[in-house]
Amino acid sequence: MLTGDASVNRDASIICCTAEILSNVTLRDPALSVDYVVMDEFHYYGDKERGIAWQIPLLALNQAMFLLMSATLGDTKEVQESLQRLTGKEVALVLSSKPPVPLYYEYRETPLHETIAQLVDHKRAPVYLVNFSQRAAAEQAQNLMSIDITPKADKERIRDMLSTVKFDSPYGKEFQRFVRHGIGVHHAGLLPKYRLLVEKLAQEGLLRVVSGTDTLGVGVNIPIRTCFSRSSTNSMVSARRF
């Protein structure tokens, strides 16, 4: 696994990494030997900011076979024709309108902390709360401290896991309060060790809520059952359950 923060067994025969990592590795070594590339979220191909990370491997690794996946692509005819011209290989289109994991959508006008408490009670946690800024992510984590969402046994496990962690940064003390309560904060402004700690606790099933920004999908491993995206008013919340 290769991300901007971590490297695990980087010489393995199968590497799981972000699109940016693959792009950078390809630029450093154009003769890179790669047989297969599976690219998720391929709709970013046309994104103004990140699209180049999907485009470079397609241009440079033309000896590889690509599996390009997306749940939101429209007409792919132009992309198919371009790939066939570039690689000289036949391009196959696989379509399906039925997601393997059912998705349920809701829209609520109840206060955020009440909605979160209800979701936890109904076994729909872990919940990821999407905020528009890093500051808002921290503020919402503070607001959720008023509800008791984590069983005592889990709090004790969290305490044990934190026993060897040093919270020695200016933000460490406040961050520690959230985590001990069962609430994670995750965004690019945190120290890597804090982000990794949130991911580890979430993987252990100890965090009921993670308050962060919309960068969650960039090489982050956090199990999520419900995703919240707030509107411009604090009381209006949309939810998606996986």
Side-chain angles (χ1 to χ4, degrees), residues 1-101 103 128 130-134 137 186-193 195-196 198-199 203 210 212-224 227 229 240 242:
M1 182 182 74
L2 295 176
T3 72
D5 298 325
S7 173
V8 179
N9 198 16
R10 63 180 304 132
D11 296 321
S13 57
I14 299 176
I15 299 295
C16 181
C17 65
T18 61
E20 284 78 7
I21 292 290
L22 177 61
S23 176
N24 291 337
V25 170
T26 303
L27 288 175
R28 287 198 300 267
D29 183 8
L32 185 69
S33 177
V34 177
D35 295 319
Y36 301 94
V37 179
V38 179
M39 302 185 80
D40 198 6
E41 308 291 345
F42 185 67
H43 45 270
Y44 274 105
Y45 176 88
D47 184 80
K48 182 178 180 181
E49 300 294 333
R50 300 186 63 203
I52 191 171
W54 277 260
Q55 296 163 17
I56 288 175
L58 287 171
L59 292 171
L61 302 176
N62 53 19
Q63 83 286 355
M65 180 174 289
F66 283 82
L67 174 60
L68 309 173
M69 302 188 299
S70 173
T72 57
L73 276 179
D75 186 2
T76 61
K77 183 178 180 181
E78 186 175 345
V79 175
Q80 290 174 251
E81 293 175 349
S82 176
L83 288 174
Q84 189 154 345
R85 285 196 306 269
L86 181 66
T87 65
K89 300 175 183 177
E90 184 177 354
V91 177
L93 177 64
V94 180
L95 295 175
S96 174
S97 59
K98 184 177 180 180
V101 178
L103 301 179
Y128 188 80
V130 181
N131 297 276
F132 299 111
S133 67
Q134 297 175 7
H186 197 288
H187 55 68
L190 290 172
L191 290 175
K193 68 176 183 179
R195 295 201 300 271
L196 290 172
V198 168
E199 294 168 27
Q203 290 163 18
V210 177
T213 58
D214 59 1
T215 58
L216 175 70
V218 187
V220 178
N221 183 16
I222 295 179
I224 296 297
C227 182
S229 179
R240 181 171 65 180
F242 301 86

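All values reported here derive from a predicted model rather than from experimental measurement.
Formation of a donor-acceptor pair under 3.5 Å by the R195 side chain with backbone atoms of L190 is found in this model. Between the side chain of N131 and the main chain of T213, no donor-acceptor pair closer than 3.5 Å is present. Within the 3.5 Å criterion, the main-chain N or O of Y45 finds a donor-acceptor partner in the side chain of Q55.
Distance check, rounded to the nearest 0.5 Å: CG of L61 to CG of L22 gives 6.0 Å. To the nearest 0.5 Å, the span separating CG on N9 from CE on M1 amounts to 11.0 Å. Atoms CD1 and CG, from I15 and L2 in turn, are 5.0 Å apart once rounded to the nearest 0.5 Å.
More than 12 heavy atoms of other residues, nucleotides or ligands shown are found within 6.0 angstrom of CG on L93. Around atom CE of M69, more than 12 heavy atoms belonging to other residues, nucleotides or ligands sit under 6.0 Å away.
Counting all heavy atoms, side chain and backbone alike, E199 lies closest to H186 at OE2-NE2, 2.9 Å. Shown here for V37 and M39, the closest heavy-atom pair between the two residues is CG1-CG, 3.5 Å. Here the closest heavy-atom approach between residue H187 and residue A137 is recorded as CD2-CB, 4.1 Å.
Every residue meeting the side chain to side chain donor-acceptor pair (under 3.5 Å) condition with K193, not counting sequence neighbours, appears here in chain and number order: D168. Every side chain to side chain contact (heavy atoms under 4.5 Å, CB included) that L83 has, sequence neighbours left out, goes to L58, L68, V79, V91. For A92, there are no side chain to side chain contact (heavy atoms under 4.5 Å, CB included) partners, not counting sequence neighbours. With sequence neighbours excluded, the residues satisfying side chain to side chain contact (heavy atoms under 4.5 Å, CB included) with K77 are D75, E81. Residues satisfying the side chain to side chain donor-acceptor pair (under 3.5 Å) criterion with Q80, sequence neighbours excluded, are T76. Checked against side chain to side chain donor-acceptor pair (under 3.5 Å), S82 has no partners two or more places apart in sequence or in another chain.
The list of ring-ring contact (aromatic ring centres under 6.0 Å, His included) pairs with a residue in residues 54-88, not counting sequence neighbours, reads Y44-W54. Evaluation of the side-chain hydrogen bond (donor to acceptor under 3.5 Å, both in side chains) test over residues 24-41, restricted to residues two or more places apart or in two chains, returns E41-H43.
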